[in-house]
Q: 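What follows is a single structure, and I will ask about it in a moment.
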Protein chains: 4
Amino acid sequence: MIIINERSPLPIYEQIVQQMKEAILKGVLQGGEKLPSVRELSANLLVNPNTVSKAYQELERHGVIETLRGKGTFVSRHPVPRMEQERLEQFQNSLRQLAIEAFYLGIDAEQFKQWVDEYMKELGREKHA
Amino acid sequence: MIIINERSPLPIYEQIVQQMKEAILKGVLQGGEKLPSVRELSANLLVNPNTVSKAYQELERHGVIETLRGKGTFVSRHPVPRMEQERLEQFQNSLRQLAIEAFYLGIDAEQFKQWVDEYMKELGREKHA
Amino acid sequence: MIIINERSPLPIYEQIVQQMKEAILKGVLQGGEKLPSVRELSANLLVNPNTVSKAYQELERHGVIETLRGKGTFVSRHPVPRMEQERLEQFQNSLRQLAIEAFYLGIDAEQFKQWVDEYMKELGREKHA
Amino acid sequence: MIIINERSPLPIYEQIVQQMKEAILKGVLQGGEKLPSVRELSANLLVNPNTVSKAYQELERHGVIETLRGKGTFVSRHPVPRMEQERLEQFQNSLRQLAIEAFYLGIDAEQFKQWVDEYMKELGREKHA
DNA sequence: GTGGTCTAGACCACT
DNA sequence: GTGGTCTAGACCACG
C-alpha cells in the first residue's frame with residue numbers, strides 16, 4: 001500500500017519510487033510479481049497517470065522493475081544495481097550530511113548505528129520468508 | 001572555506017547551510033565568532049546575495065547562528081536544537097531511505113555502521129582540540 | 001530457432017523479422033523452404049498469433065518471404081530488395097546515429113570497422129556452405 | 001539548428017537528443033556553451049515545453065549536458081560516458097542488425113566501412129577547430 | 001488491455 | 001529568468 005503525502009517536499013513520483021523499493025525489499029512485492037498498471041495505480045492513488053508512469057520509468061532505470069511489452073510491469077527477479085558508482089557517491093554524501101545533522105540533534109554514534117541495525121533488519125526480515 | 005557546486009541537485013543555499021554546520025562542528029568556526037556579512041560572502045562565493053541570505057535565515061531557524069541587530073551575524077555559543085521533534089523525524093526518514101538504498105547497492109549493515117563511525121569521528125575530532 | 005526477449009524495447013514482431021532474416025542469410029533457412037504456419041510458430045514462441053502474422057507481413061513486404069495462397073509461406077528463392085530507396089536512407093540514418101553514439105562511447109573508426117567486418121563475415125560464412 | 005520531423009517514428013524528444021548530440025560532436029555547440037532555455041527552444045521548434053524538457057533530462061542522464069541551478073542548461077565540458085556497459089551492448093546489437101540489413105540491401109563490407117569512415121570524419125572534423 | 005508520447009496550461013523552488 | 005513537477009486529456013503502437 002502506497003501512501004502519498006501531498007505536503008511533502010519530495011515529488012510524488014519519488015514517493016512512489018521509494019515506497020515501491022521498500023515494499024519490494026520487505027517482500028510485500030515478490031520478484032516476478034505483476035505491479036498494478038499505470039492507470040490502475042493512478043486511480044488508486046488519485047494522482048495523474050503520467051506521474052505514476054514517471055515513477056515506473058525511474059524504477060526501471062534503476063533495474064528494480066521490468067516492463068514486458070503489452071503485458072504490464074513486473075518486479076525484477078534478479079535486480080542488478082545500475083549506475084552503481086554515481087549512486088554510491090550519492091549514498092556517502094547523504095550519509096555524511098546525516099552525520100552532521102545527528103551531531104546537532106545530539107544523536108551519538110551508538111544511537112545512530114542502533115537505528116541502522118534496526119532499519120536494515122526491518123528490510124531483510126521478510127525477504128527470505 | 002565554502003565550496004559551491006553549481007551542478008549539484010542540492011540547492012546552493014542548502015550547500016552553504018550544510019558546510020557552515022560542518023565548519024562549526026569541526027571547530028573551524030568557533031562559538032561567538034563573527035560570520036562574514038551577506039554581501040561579503042556572496043561576493044566571495046560568486047552567488048546571489050539572496051541565496052546567502054536564505055542560508056543565514058535557515059541557519060538561524062536551526063539555532064546555529066544568531067543575528068545581533070546592527071552588529072552582524074555570529075556563531076551561537078550554546079546551540080540548542082530547535083524544532084527537535086520535526087527534525088528528528090526527518091532524520092529518521094532520511095536514514096530509512098538510506099537503508100533502502102544501501103540494500104540495493106549491496107551495502108551491508110556492518111559496512112554502513114563503519115561509515116557512520118568514520119564520519120562521526122571526522123566531525124568530533126577537531127572540535128575538542 | 002527464434003528467441004523472444006520480452007524485456008527488449010524492440011517489438012516482438014520486429015524480433016521475429018530480424019531473426020528470420022538472419023536465419024535466412026546464414027542458410028539455416030534455405031530459399032524455397034516452407035516456413036511454419038502462423039499458428040504453429042505462435043504456439044511455438046508463446047506469442048500472440050497476431051504478432052507472428054505482423055512479422056510475416058513485414059517480411060513479405062521486404063521481399064524476403066512469399067505467401068502462396070492455400071499452400072503456405074516460403075522463403076523467397078531470389079530475394080530482390082524492395083523499397084530500396086527508402087530502406088537505404090533508413091540504413092544510412094541508422095549508421096549516422098551509430099557513429100554519433102560511437103563517439104560518445106569512445107569507439108574509434110578502426111574498432112567500428114573491425115566489428116563491421118566481424119558481423120558481416122558471420123552472416124556470409126554458412127551461406128555458401 | 002534542430003529540425004523536427006513529425007512523421008518520423010522516432011519520438012520528438014529523441015530527435016532533439018540525437019540532433020543535440022550531433023551538434024555538440026560537430027562543434028556547433030561548444031563545451032560550456034549555454035543551450036537555449038526549455039521555453040525558448042520549445043517556442044522555436046513549435047513543440048511543447050515538456051517535450052524539450054524530457055530531451056534535456058535524457059541528455060543530462062547521458063552526461064552530455066549539465067543544468068546549473070537557476071542559470072540554465074550548458075554543454076558539458078568533459079563528457080564522461082555513463083551506463084557504458086549497457087550502451088555498449090545496445091551499440092553492438094544495433095550494429096549487428098545493420099549488418100543484416102546491409103546484406104539484404106546488397107551493401108558489402110567495403111561500402112559499409114567506407115560510410116563508417118565518412119560519418120566518423122564528419123563528426124570529428126570541426127571539433128578540434 | 002498495456003505502456004509511451006505529446007499537448008496545453010498551471011504552479012513551484014531556486015537564483 | 002531558469003528548470004522541475006503535476007494535471008487533464010488525447011492519441012498511438014503493441015500484444
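Throughout, a chain's letter reflects where its sequence line sits, starting with A, and its residues are numbered from 1.
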Q: With no hydrogens and no angle check, do the side chains of B:T67 and B:E60 hold a donor and an acceptor under 3.5 Å apart?
A: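 Yes.
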Q: What's the closest nucleotide to the D:N50 side chain, out of E:dA8, E:dT15, F:dA8?
A: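 For D:N50, the side-chain atoms sit closest to E:dA8.
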Q: Counting side-chain heavy atoms from C-beta on, which of F:dC6, F:dC14, F:dG4 comes nearest to D:Q57?
A: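 Within the option list, the nearest is F:dG4.
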Q: For A:E14 and A:Q18, which I'm curious about, is there any donor-acceptor pair between the side chains at under 3.5 Å?
A: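 A:E14 vs A:Q18: no donor-acceptor pair found between side chains.
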Q: Any side-chain N or O of A:S53 less than 4.0 Å from the OP1 or OP2 oxygen of E:dG4?
A: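 True: A:S53 side-chain N/O within range (under 4.0 Å) of E:dG4 OP1/OP2.
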Q: May I ask you to verify whether the side chain of A:N48 and the base of F:dG9 hold a donor-acceptor pair under 3.5 Å?
A: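 Per atom types, no contact qualifies.
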Q: OP1 or OP2 of F:dT5 versus the side-chain N and O atoms of A:K54: is any pair under 4.0 Å?
A: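 Result: yes.
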Q: Establish, with yes or no, whether the OP1 or OP2 oxygen of F:dT2 is under 4.0 angstrom from a side-chain nitrogen or oxygen of D:T73.
A: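 The answer is no; no side-chain N or O of D:T73 sits under 4.0 Å from OP1 or OP2.
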Q: OP1 or OP2 of E:dG3 versus the side-chain N and O atoms of A:Y56: is any pair under 4.0 Å?
A: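 Checking E:dG3 against A:Y56, no side-chain N or O comes under 4.0 Å of OP1 or OP2.
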Q: Under 6.0 Å from the CZ atom of A:R61, do we count more than 12 heavy atoms belonging to anything else shown?
A: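 More than 12 within 6.0 Å, yes.
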Q: Are B:R96 and A:E22 close enough for a salt bridge, meaning some N to O gap below 4.0 Å?
A: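 Here B:R96 does not pair with A:E22 in a salt bridge, since their nearest N and O are not under 4.0 Å apart.
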Q: Base, sugar-phosphate or nothing for A:L68? Non-hydrogen atoms, less than 4.0 Å.
A: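 Result for A:L68 = nothing.
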